[in-house]
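The first residue of the sequence shown is numbered 1, and numbering continues consecutively from there. Remember, it's a predicted structure, so these values are computed and weren't measured experimentally.
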Amino acid sequence: MRIKSVETTFVGGSQVARLDLEATAHMMIDLSRAPARSKGPYYLTSVNGEVLARRFFDKSFAEMIDCADSIAADGQPLVVASKIFSQAPLPERVATTDLYPIVARMAQETGASFYLFGASEEVNRATYENTLGVAPRLNIVGRSHGYLKGAALDAKIEEINTLAPDILWLAMGVPLEQQFVRDYAHRLKNVKMIKTSGGLFDFIAGTKKRAPQWMQDTGLEWAFRLSLEPKRLLKRYLTTNPVAAFLLLTQTQ
């Protein structure tokens, strides 16, 4: 499903919303003002090079991405490819790390509520504290680390549904957060939207550094991350970056 008012363009094999940061934030706030849907929350996610590559190789993962109500471009190479090959290019990169404080500031003015779910307890708590430093009047109705299973996870889902946040920020990383939406969104009927957030909380908490702006603007943020975590990321980038480049060149319209 897609949000009818949001125009999309085809980039790297995926339908991506043609919204900039401010417009994406306004869309989220507008959804937070509407009644919760009877069938469950709106599902907002993002694609970058890694996600495009996973989507290409894994049909079940592709289905979990493609069923989102809105898909943002969280990668500068997608923006560049769209400007070269598409008649309806993307206006800018919509990185969740940039989007989050904008939505937080808007939400404290409108009364929209947050729930922060994911990462470790330490990172989750620091995200909560630092968010209130940016938006001190923001209504964060609850928070929880993401390492829950079985009965503890079931209880947490019931708690979140009872608290009924307008926006559930889900920071579990790919593909766990997409699997969470697939498996549990139907139990969160009082939640208005879920925004998958990848490693957002690590950046808000300050446990990970972002690349310099020039590297973000030129699509080289992956190189900065690789320099910080070579053992964890080298194999991933060697396998996903070439595939993502191929898809951006051949499946952008």
Side-chain angles (χ1 to χ4, degrees), residues 1-9 11 14-37 41-48 51 65 68-76 78-79 82 88-119 127-143 164-172 177-178 181 185 188 191-205 210-211 213 216-217 221:
M1 180 182 174
R2 291 288 180 268
I3 298 172
K4 292 182 179 179
S5 61
V6 177
E7 183 183 351
T8 64
T9 192
V11 182
S14 179
Q15 291 287 352
V16 182
R18 293 191 66 234
L19 297 174
D20 60 18
L21 280 164
E22 288 288 334
T24 303
H26 279 290
M27 175 189 70
M28 293 180 68
I29 294 300
D30 288 344
L31 293 176
S32 76
R33 289 171 167 171
R37 295 193 301 184
Y42 284 95
Y43 161 35
L44 281 57
T45 194
S46 305
V47 290
N48 56 18
V51 173
I65 293 293
D69 294 292
S70 184
I71 302 172
D74 191 353
Q76 187 62 21
L78 280 77
V79 178
S82 76
L90 298 168
E92 69 174 336
R93 178 190 181 193
V94 182
T96 308
T97 312
D98 296 323
L99 177 66
Y100 180 78
I102 299 174
V103 178
R105 293 187 187 99
M106 288 183 178
Q108 76 170 348
E109 300 303 324
T110 64
S113 59
F114 283 14
Y115 191 104
L116 311 179
F117 191 25
T127 299
Y128 171 83
E129 293 168 352
N130 291 348
T131 299
L132 291 180
V134 171
R137 293 179 286 107
L138 177 65
N139 181 19
I140 302 178
V141 297
R143 65 172 191 85
D166 295 313
I167 307 174
L168 170 59
W169 296 88
L170 185 64
M172 294 179 172
E177 55 199 20
Q178 286 78 21
V181 173
L188 295 168
V191 177
K192 293 183 180 178
M193 84 195 76
I194 297 174
K195 176 66 178 80
T196 63
S197 307
L200 168 69
F201 292 178
D202 289 309
F203 294 109
I204 301 300
R210 295 198 71 187
Q213 191 62 49
Q216 296 181 43
D217 294 341
E221 191 166 10

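- Scored by the salt bridge (Lys or Arg N to Asp or Glu O under 4.0 Å) test, Glu109 finds Arg137 as partners (sequence neighbours excluded).
- Taking CG of Leu44 as the start and OG1 of Thr196 as the end, the distance is 8.0 Å to the nearest 0.5 Å.
- At a threshold of 4.5 Å between non-hydrogen side-chain atoms, the residues Val6 and Leu19 count as touching.
- Distance check, rounded to the nearest 0.5 Å: CD1 of Ile167 to OG of Ser113 gives 7.5 Å.
- Leu31 is not listed as a side-chain neighbour of Lys192, based on a closest heavy-atom distance of 4.5 Å or more.
- The side-chain contact (heavy atoms from CB on, under 4.5 Å) test applied to Ala135 returns Ala104, Gln108, Leu138, not counting sequence neighbours.
- Once rounded to the nearest 0.5 Å, the distance linking CE of Met193 with CG of Leu188 reads 13.5 Å.
- Nearest heavy-atom pair, Ala95 versus Leu21, reported as atom, atom and distance to 0.1 Å: O-CD2, 4.0 Å.
- The two atoms that bring Leu90 and Ala73 nearest to each other are CD1-CB, 3.6 Å, heavy atoms only.
- Of all the heavy atoms in Tyr43 and Ala68, the pair that sits closest is CD2-CA, 3.3 Å.
- Among the candidates Arg93, Gln216, Gln213, the single residue satisfying the side-chain hydrogen bond (donor to acceptor under 3.5 Å, both in side chains) test with Glu221 is Arg93.
- Using a 4.5 Å cut-off on side-chain heavy atoms (C-beta onward), Met106 and Ile102 make contact.
- Take Tyr100 and apply the ring-ring contact (aromatic ring centres under 6.0 Å, His included) test, not counting sequence neighbours, and it matches Phe114, Trp169.
- Looking at heavy atoms from C-beta onward, Val134 lies in side-chain contact with Arg105 at the 4.5 angstrom threshold.
- Under the rule for a salt bridge (Lys or Arg N to Asp or Glu O under 4.0 Å), the partners of Asp98 that lie at least two apart in sequence or sit in another chain are Arg210.
- Summarising the geometry, atom CD1 belonging to Ile71 is positioned 6.5 Å from atom CD1 belonging to Ile65; distances are rounded to the nearest 0.5 Å.
- The distance from the CD1 atom of Ile204 to the OG atom of Ser197 is 9.5 Å, given to the nearest 0.5 Å.
- Asp69 CG to Arg37 CZ: the interatomic distance, rounded to the nearest 0.5 Å, is 4.5 Å.
- The two atoms that bring Val141 and Pro165 nearest to each other are CG2-CB, 3.8 Å, heavy atoms only.
- Among residue pairs with one or both ends in residues 14-36, those qualifying as salt bridge (charged side-chain N to carboxylate O under 4.0 Å, His left out) are Glu7-Arg18; sequence neighbours excluded.
- A 4.5 Å side-chain heavy-atom check between Leu168 and Pro41 finds every atom pair outside the cut-off.
- Between Met28 and Tyr42 there is no side-chain heavy-atom pair separated by less than 4.5 Å.
- Of all heavy-atom pairs spanning Asp74 and Ser46, the tightest one is CB-CB, 3.8 Å.
- A distance-only check finds a donor-acceptor pair linking the side chain of Glu177 to the backbone of Gly198 [under 3.5 Å].
- Residues satisfying the side-chain hydrogen bond (donor to acceptor under 3.5 Å, both in side chains) test with Thr96, not counting sequence neighbours, are Lys195.
- With hydrogens and angles ignored, the 3.5 Å screen pairs no side-chain donor or acceptor of Ser14 with any backbone N or O of Val11.
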